[in-house]
Protein chains: 2
Amino acid sequence: MNIYEVAKKAGVSIATVSRVINKSSNVRPETRERVEAALKELNYRPNEIARSLVANTTHTIGVLASDVRDSYHANAIYILEQEFRKKGYHVILCNTGGELEKKKRYMGLLLDKKVDGMVLVGSVFKERKGNSHILDASQVVPIVMLNSLLEGENIYCVACDDKAAVSDIVQSLVQRGHREIAFVYDVESFSAMAKLEGYRFGMQAAELPIRPEWIIRTESGIDGGRNAVNIMDAGGAACTAVIASEDNLAAGILKGLKAKGKKVPEDVAVFGYNDSVIARCTGPELSTVDNKVGELAREAAGMLCRVLQGEKISHSKTITAELVFRESCP
Amino acid sequence: MNIYEVAKKAGVSIATVSRVINKSSNVRPETRERVEAALKELNYRPNEIARSLVANTTHTIGVLASDVRDSYHANAIYILEQEFRKKGYHVILCNTGGELEKKKRYMGLLLDKKVDGMVLVGSVFKERKGNSHILDASQVVPIVMLNSLLEGENIYCVACDDKAAVSDIVQSLVQRGHREIAFVYDVESFSAMAKLEGYRFGMQAAELPIRPEWIIRTESGIDGGRNAVNIMDAGGAACTAVIASEDNLAAGILKGLKAKGKKVPEDVAVFGYNDSVIARCTGPELSTVDNKVGELAREAAGMLCRVLQGEKISHSKTITAELVFRESCP
DNA sequence: ATAATAAATGAAAACGCTTACATATTTTGG
DNA sequence: CCAAAATATGTAAGCGTTTTCATTTATTAT
């Protein structure tokens, strides 16, 4: 079933069929009807691959994320897919597992497949000079970075101000009388590093000392959080508040503290990050940061679509996060 | 940059270049080297769209899920993407939001884009005769159903035995002395209905009466769970154990019971489903069902790949779930 | 009615590749 | 050393569209 069969049935040339399909002008109403009848009768649908070949555009966007299972990424991807779909784009999903090599390979494959653009969800690692593949790819298609920053002619960034958010958390904690505040993170992502900066900035702004034992790197997930408590304890780093770079971590910290007989928030206040569903599941419920991932994703998709339509737009946009106070730090 | 330029640079015809690229035989080593040098020098990469057009295969799989944000779906999609990727397939993600119309439209678009196959993650609604679009699509490409069942020549199903799992939960609860057991679910998905059947079956097997007030349909998510507790209370349906069709719901039920001053598991035992990360975040931690979504997804991807390679395989595969006992029903 | 103009249609090239078939070259056996 | 067989290479068609350009048909003005 191709355009030739439709043309034959309608008694016209394939050019005319194509014109009808693409609602191009200069087709006699009578002819149009005949073609449309044939179209319907044969239940014809154009082959998008062939169209892509000639149009040199696939209406497909590559989305790279390190792991969909993470609720932050899942939220981002959901909205991205939804928004792109609305504008007629398909989404090819790539889970990079945070591995640079995989990411490079995937980006190459996506270019081979002629995606019209890419969205990278929080993937740049700060201070590492491993971003040449992104710059290379941006020579071919526009790229939007979601929650990480990279300068480039054809690169657009939309990020949440994580630094400010964590700095605000510190300030709130100080207002509540806390002076010994720890910061726990897992991977050294761009955004985790921004949060760490925010922690440092906030502590300095409050003229509080920062003890190295208060800055703890641990594994990801609940177990990582639980472990962080052990590390703190072993390091003798007493503190009255803990900020985690992620809700999962915070949930683990809650467990860890409970195991040590510490009460939250009475003995230790805990702050998470992401405002994921987890934050409302824990007991006590987690105070956390709504980092507006939906808004970010919507903005990212919008930016890419606008760029693809030839619009000139600003290269970066920052969104302000919002602190959400719940039981773990009321 | 296309195959002609490579051919010119290497001083051969495009056919020879194509043969080198595709590692086809009958190329003189000397020629091959010359072509490979040109390939490298020009940094040539074949246009996959053009290849797809002639080969009539895109190495792309469409994956439809109602909502990636749901951890069950996220897990499924993660593994699906990973497994397909290993075999050289890309994944186009479609979030249907559980809407039939959307699903139909997406399936059409995927066929237009010439995907090689599709995976539908838990989407068939039982008893509703709205599955003709799936049967239609299966005339064109093989379809794998993840956690729902549908018969068809070119349709393959891999599902977890949800009925047995819930029936097992009931049995475990009965062994622990429970006789008044409620079942809470949200959407009327295929799998939720299987669970409900399992509940009924388990109760009957234990020769316990089933009161209609014990079967509660509520909204999705934590709030739905909390609300279910109110509904039960209002209905005067006292019970000593609650089985939820989903961990989120169970988490809400925990909250609801706490609000009513009931202790878990002392006053009421609670069982979730999915063994999502949530189940380990709540306090008390949730007893739940590990329904092996990873295994399911791996199997689904494997089946589809085998079918695409022309293998004849069995049309359905069932995996047995495993009960996970934690604090909410020790 | 006819020339000039506008509108409708079709033929063919192009997109970038693979592949069947034809042709040229090398290798082998007698 | 030559014919036959095997191997290497090239030519051209084809995948299913869109689109340019030429041609045909309809419309308008004179």
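Numbers restart at 1 for each chain; the letters A, B, ... are given by sequence-line order, proteins then strands.
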**Q** Please classify the nucleic acid contact of A/I49 as base, sugar-phosphate, or nothing, using heavy-atom distances under 4.0 Å.
**A**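 Result for A/I49 = nothing.
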
**Q** Quick check on D/dT9: is either OP1 or OP2 less than 4.0 Å from any side-chain nitrogen or oxygen of B/S13?
**A**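 For D/dT9, OP1/OP2 do not have a side-chain N/O of B/S13 under 4.0 Å.
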
**Q** Think A/R28 has a side-chain N or O under 4.0 angstrom from the OP1 or OP2 of C/dT9?
**A**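 Answer is yes, contact under 4.0 Å.
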
**Q** Mind telling me whether B/H59 and B/Y89 have parallel, tilted or perpendicular rings, with 30° and 60° as the class edges?
**A**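 If you compare the ring of B/Y89 with that of B/H59, the planes turn out tilted.
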
**Q** So what does A/N56 hit on the nucleic acid, given a heavy-atom distance under 4.0 Å: a base, only sugar-phosphate, or nothing?
**A**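 Touches nothing.
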
**Q** Does a donor on one side chain and an acceptor on the other come within less than 3.5 Å for B/S18 and B/N22?
**A**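 Yes - a donor-acceptor pair under 3.5 Å links their side chains.
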
**Q** Decide yes or no for A/N154 and A/V140: does some side-chain heavy atom of the first lie under 4.5 Å from some side-chain heavy atom of the second?
**A**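 A side-chain contact under 4.5 Å is absent here.
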
**Q** D/dT7, C/dC17, D/dG16: which one has an atom nearest the side-chain heavy atoms of B/R51?
**A**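 The answer is C/dC17.
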
**Q** Which nucleotide in the list D/dG14, D/dG16, C/dT9 gets nearest to the side chain of A/T16?
**A**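 Nearest to the side-chain atoms of A/T16, counting from C-beta on, is C/dT9.
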
**Q** A/C94 and B/E81: which non-hydrogen atoms are nearest, and at how many Å?
**A**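 Result for this residue pair: CA-OE2, 3.3 Å.
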
**Q** Check every atom of D/dG16, C/dA8, D/dT19 against the side chain of A/S18 and return the nucleotide holding the closest atom.
**A**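 Nearest listed nucleotide: D/dT19.
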
**Q** Assuming nearest nucleotide by heavy-atom distance, tell me which of B/A15 and A/R34 is located more 5' along DNA chain C.
**A**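 Result of the comparison: A/R34.
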
**Q** Report yes if a side-chain nitrogen or oxygen of A/N2 is closer than 4.0 Å to either non-bridging phosphate oxygen (OP1 or OP2) of D/dC15; otherwise report no.
**A**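 Answer no for this pair, as no side-chain N or O of A/N2 is under 4.0 Å from OP1 or OP2.
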
**Q** A/V27 near the nucleic acid: base, sugar-phosphate alone, or nothing, with a heavy-atom cut-off under 4.0 Å?
**A**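 The answer is sugar-phosphate, as A/V27 gets under 4.0 Å only of primed atoms, P, OP1 or OP2.
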
**Q** Describe, as an angle rounded to 10 degrees, how the axis at the first end of the helix from C/dA1-D/dT30 to C/dG30-D/dC1 is tilted relative to the axis at the last end, five pairs per end.
**A**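 Taking five pairs per end, the axes differ by 40°.
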
**Q** Using only side-chain N and O atoms of A/N47, determine if any of them is under 4.0 Å from OP1 or OP2 of D/dG16.
**A**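 Looking at the OP1 and OP2 atoms of D/dG16, neither is under 4.0 Å from any side-chain N or O of A/N47.
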
**Q** Base, sugar-phosphate or nothing for A/I14? Non-hydrogen atoms, less than 4.0 Å.
**A**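 Base, at least one base heavy atom under 4.0 Å.
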
**Q** Measure from the side-chain heavy atoms of B/A50 and tell me the nearest of D/dG16, C/dG10, C/dC17.
**A**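 Minimum distance to the B/A50 side chain belongs to C/dC17.
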
**Q** Quick one: is A/Y44 getting a side-chain N or O under 4.0 Å of the D/dT17 phosphate, OP1 or OP2?
**A**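 True: A/Y44 side-chain N/O within range (under 4.0 Å) of D/dT17 OP1/OP2.
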
**Q** Okay, side chain of B/N147, backbone of B/C160: is any donor-acceptor separation there less than 3.5 Å?
**A**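 Yes, B/N147 side chain to B/C160 backbone: donor-acceptor pair under 3.5 Å.
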
**Q** Provide the closest heavy-atom pair for A/S52 versus B/I49 in the form atom of the first, atom of the second, distance.
**A**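 For A/S52 and B/I49, the tightest heavy-atom pair comes out as CB-CG2, 3.9 Å.
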
**Q** Please work out if B/T31 contacts a base, only the sugar-phosphate, or nothing of the nucleic acid, heavy-atom cut-off 4.0 Å.
**A**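 Here B/T31 touches the backbone only, sparing every base.
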
